[in-house]
A.B. asks: 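One structure coming up, written as structure tokens, with questions to follow.
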Amino acid sequence: RNNLSLLSSKQIDLAKMLLEMNQSHLFKHWPDPGVDDDKKLAFFEQVNRLDGSYPGGLASYIQTAKGLLADSKAGKNPFDGFTPSVPSGEVLTFGEDNFIQFEEAGVKEAQNAAFVLVAGGLGERLGYNGIKVALPSESTTDTCFLQRYIESILALQEASYRSTQGESKRDIPFVIMTSDDTHSRTLELLETNNYFGMKSKQVHLLKQEKVACLDDNDARLAVDSQNAFTIQTKPHGHGDVHALLYSSGLLKEWHDAGLRWVLFFQDTNGLLFKAIPASLGVSATKKYHVNSLAVPRKAKEAIGGITKLTHSDGRTMVINVEYNQLDPLLRASGYPDGDVNDETGFSPFPGNINQLILELGPYIEELTKTKGAIKEFVNPKYKDSTKTAFKSSTRLECMMQDYPKTLPPSARVGFTVMDAWLAYAPVKNNPEDAAKVPKGNPYHSATSGEMAIYKANSLVLRKAGVKVDDPVSQVFNGQEVEVWPRVTWKPDWALTFAEIKNKVSGKCSISQKSTMVINGRNIFVEDLSLDGALVIGCIDDAEVKVGGSVQNKGWAIENVDFKDALEPEKVRIRGFKIKKIEQLEKNFNEPGKFSLKP
Ligand code: UGB
């Protein structure tokens, strides 16, 4: 009370709110005016931030927390009354006729889309000290994830103009959600690389705020152990993206500009854009309000399961059930073995890869009601079975894929299953944890993420008629992986299967030891026999035919131990590096038509 004279009327209102919400402990140790006044004001700045960044304010956060903590203490099952079953969705196979048609439809729609990358997480499981989007997606060209994503969006934009004869040449907006942990490093990565070729005004960074930590079942806010004038905070989860997009005003801007789709994706999936054209085509053709991308899921794999939930009152929804909840849900509802593979060798529940395509109109309608608030959960670690005290403070969390939970039954919610080799290879696990993944399940490591890119490119070329040698099996950082020829290309060379078929012709072959790097839109591969390394590039105004027999010592793969401190972290976590011994390298930097036929 003595300190009231220090405060503005807004700060007094916040203080009253905290007292009403049973948070008087926050002020218990406050000294008289004149002592630590700057810290007291800083405290209110933080409270103001926490209040302003949460839909409904801090009072609503505390209220919700009390309810969820009471449910958690009572052991209430979040799926009470719901029975799970396997939903049916669109299942696509790469290269089949309907896949090609969906790709064509998706490319047309792409210039009506905005892309949103959630990149606020630090990826503690990976144990990498940098931001994950700066990590090379593969080490043949050292292209980081952010560059790969931006170049893919730009390639899609150009392909979309071409397919609609440039009816409306719209720049595709690209939003990156960052957090205090990733914001400045993400901005620096963009600025030092000239936004990887994208116009800087096309890119919007939205920073998520952390939320207050909770000390007990009464949702008393936790005070920082180092500073009694600071409330402890932790990340709230990727679900924040919806409230941030809503409050930024971008959704309305996009809607006014005639956009139709918002595509959400995550920080380390080097394959994703191979699946985007077809899945956007599915959304447009099936008129889905929500389309989640999925891949066949191995039981216990750390990706959620897309599940149909039917309530005893008749309501149904198709929703992600997170990987740690799927097994208990199944055991509690007539599947005594829980999360297990069926006779196909996979879980019957498609695996959620957290790539969501939302139709903008219905999305805005829903967010106008909810302000982007997503159903939250709390996961306290209790000291003992009485569940009266926590081992450490907890907080509410939310996930972006829970968006459909508040939708009315009339909403068109679907999903699209793609081949895992084509669509999903995240980099999440450190080498030690990856090596412990049950045999046959994906490692989700830097090693597997890179090898998956070479495999996908090789299989895509095979489908286009190229004779690509079988892979060999090798072990890196304790993980046995298939090593395919190291084939990479810039996204503007080819994004869809139709484009690949247009760029590759005649009798082509690539041996297992080979490396092929294609940097240029108008490079046509014809009757090429490659046994070694070929690096070829050209400017947009040049057209190059490459063929003949290329044979050299090529680029070798050398094992690296992840404990080898002499190697950089980005190399150690993948367990190998590329040794460039001999290659044929040629760049065509003048306009015109050329041919390279050694
Ligand atoms: N992220 C944020 O932007 N902010 C945050 O506060 C937290 C994360 P993880 P996890 O498809 O691969 C998700 O940690 O636990 C970003 C799905 O919930 O990689 O593996 C972060 O930067 C799960 O259903 O998520 O689980 C990253 O880009 C499954 O689909 C993204 O959010 C799985 O991913 C995901 O963060 C998957």
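Order of appearance sets the numbers: ligands from 1, and atoms from 1 within every ligand. When reading the values below, keep in mind they use all heavy atoms of this one structure, side chains included, and skip hydrogens, waters and symmetry mates. All residue numbers in this chain count up from 1 along the given sequence.
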A.B. asks: Of all the atoms in ligand 1, which lie at a distance below 4.0 Å from a heavy atom belonging to Ala119?
C.D. replies: 3 (O), 22 (O)
A.B. asks: Kindly give the heavy-atom pair with the smallest separation between Ile306 and Pro87, and that separation in Å.
C.D. replies: O-CD, 3.5 Å
A.B. asks: Could you find the nearest protein heavy atom to atom 10 (P) of ligand 1 and give me its residue, atom name and distance?
C.D. replies: Arg125 NH2, 3.4 Å
A.B. asks: Any ion pair linking Glu366 and Lys369 (charged N to carboxylate O, less than 4.0 Å)?
C.D. replies: yes
A.B. asks: When you compare ligand 1 with Pro426, is there at least one nitrogen or oxygen pair between them that comes in under 3.5 angstrom?
C.D. replies: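 Pro426 vs ligand 1: no N/O contact under 3.5 Å.
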A.B. asks: Indicate whether any N or O donor in one side chain lies under 3.5 Å from an N or O acceptor in the other, for Asn112 and Glu109.
C.D. replies: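 Judged by distance alone, the side chains do pair up.
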A.B. asks: Distance under 6.0 Å and angle within 45° of the ring axis: does Lys298 meet both against Phe346?
C.D. replies: yes
A.B. asks: Please report which non-hydrogen protein atom sits nearest to atom 30 (O) of ligand 1, along with the residue it belongs to and the distance in Å to one decimal place.
C.D. replies: Asn352 O, 2.6 Å
A.B. asks: Under a 4.0 angstrom heavy-atom cut-off, which atoms of ligand 1 come close to Asp267?
C.D. replies: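 So the answer, numbered in order with elements, is 21 (C), 22 (O), 27 (C), 28 (O).
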A.B. asks: For ligand 1, which atoms, with element, lie under 4.0 Å from some heavy atom of Gly304?
C.D. replies: 23 (C), 24 (O), 29 (C)
A.B. asks: Check for me whether Glu397 has a heavy atom closer than 4.0 Å to any atom of ligand 1.
C.D. replies: no
A.B. asks: Does ligand 1 have a heavy atom under 4.0 Å from the side chain of Met177, from its backbone, from both, or from neither?
C.D. replies: side chain
A.B. asks: Just which atoms of ligand 1 are under 4.0 Å from any heavy atom in Pro235?
C.D. replies: 6 (O)
A.B. asks: Specify whether Phe174 and Phe265 have parallel, tilted or perpendicular ring planes, treating 30° as the upper limit for parallel and 60° as the lower limit for perpendicular.
C.D. replies: parallel
A.B. asks: Determine whether the side chain, the backbone, both or neither of Asn269 has a heavy atom under 4.0 Å from any heavy atom of ligand 1.
C.D. replies: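 Neither part.
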A.B. asks: Can you find an N/O atom of Ile303 closer than 3.5 Å to an N/O atom of ligand 1?
C.D. replies: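 N/O-N/O distance below 3.5 Å does not exist for this pair.
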A.B. asks: Could you name the option among Phe265, Phe145, Tyr424 that has the heavy atom nearest to atom 12 (O) of ligand 1?
C.D. replies: Tyr424
A.B. asks: Purely on distance, is any nitrogen or oxygen of Val118 under 3.5 Å from one on ligand 1?
C.D. replies: yes
A.B. asks: Is it the case that the ring center of Tyr363 lies less than 6.0 angstrom away from the ring center of His242?
C.D. replies: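 Yes: the rings meet the under 6.0 Å criterion.
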A.B. asks: Out of Trp254, Phe264, Phe273, which one pairs with Phe115 under the ring-ring contact (aromatic ring centres under 6.0 Å, His included) rule?
C.D. replies: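 Only match with Phe115 under ring-ring contact (aromatic ring centres under 6.0 Å, His included): Phe273.
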A.B. asks: Identify the two heavy atoms, one from Arg331 and one from Asp327, that lie closest to each other, and give their separation to 0.1 Å.
C.D. replies: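 In terms of heavy atoms, the two residues are closest at NE-OD2, 2.7 Å.
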A.B. asks: Heavy atom to atom 25 (O) of ligand 1, shortest distance: which of Lys428, Gln266, Glu124 holds it?
C.D. replies: Lys428
A.B. asks: Give a yes/no verdict on whether any heavy atom in Ser179 is under 4.0 Å from an atom of ligand 1.
C.D. replies: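 Contact absent.
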A.B. asks: For the residue pair Leu146 and Leu190, what are the closest heavy atoms and their distance?
C.D. replies: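 Looking at all heavy atoms of both residues, the shortest contact is CD2-CD2, 3.7 Å.
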A.B. asks: Please identify each residue that fulfils side-chain hydrogen bond (donor to acceptor under 3.5 Å, both in side chains) with Asn457, with sequence neighbours left out.
C.D. replies: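 Asn457 satisfies side-chain hydrogen bond (donor to acceptor under 3.5 Å, both in side chains) with Lys274 once adjacent residues are dropped.
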A.B. asks: Between Gly120 and ligand 1, does any nitrogen or oxygen pair lie at a separation below 3.5 Å?
C.D. replies: yes
A.B. asks: For atom 23 (C) of ligand 1, which candidate among Glu322, Gln208, Gln355 provides the closest heavy atom?
C.D. replies: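 Among Glu322, Gln208, Gln355, the closest heavy atom to atom 23 (C) of ligand 1 belongs to Glu322.
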A.B. asks: Which heavy atom of Asn477 sits nearest to which heavy atom of Ile573, and what is that distance?
C.D. replies: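 Heavy atoms only, the tightest pair is ND2-O, 3.4 Å.
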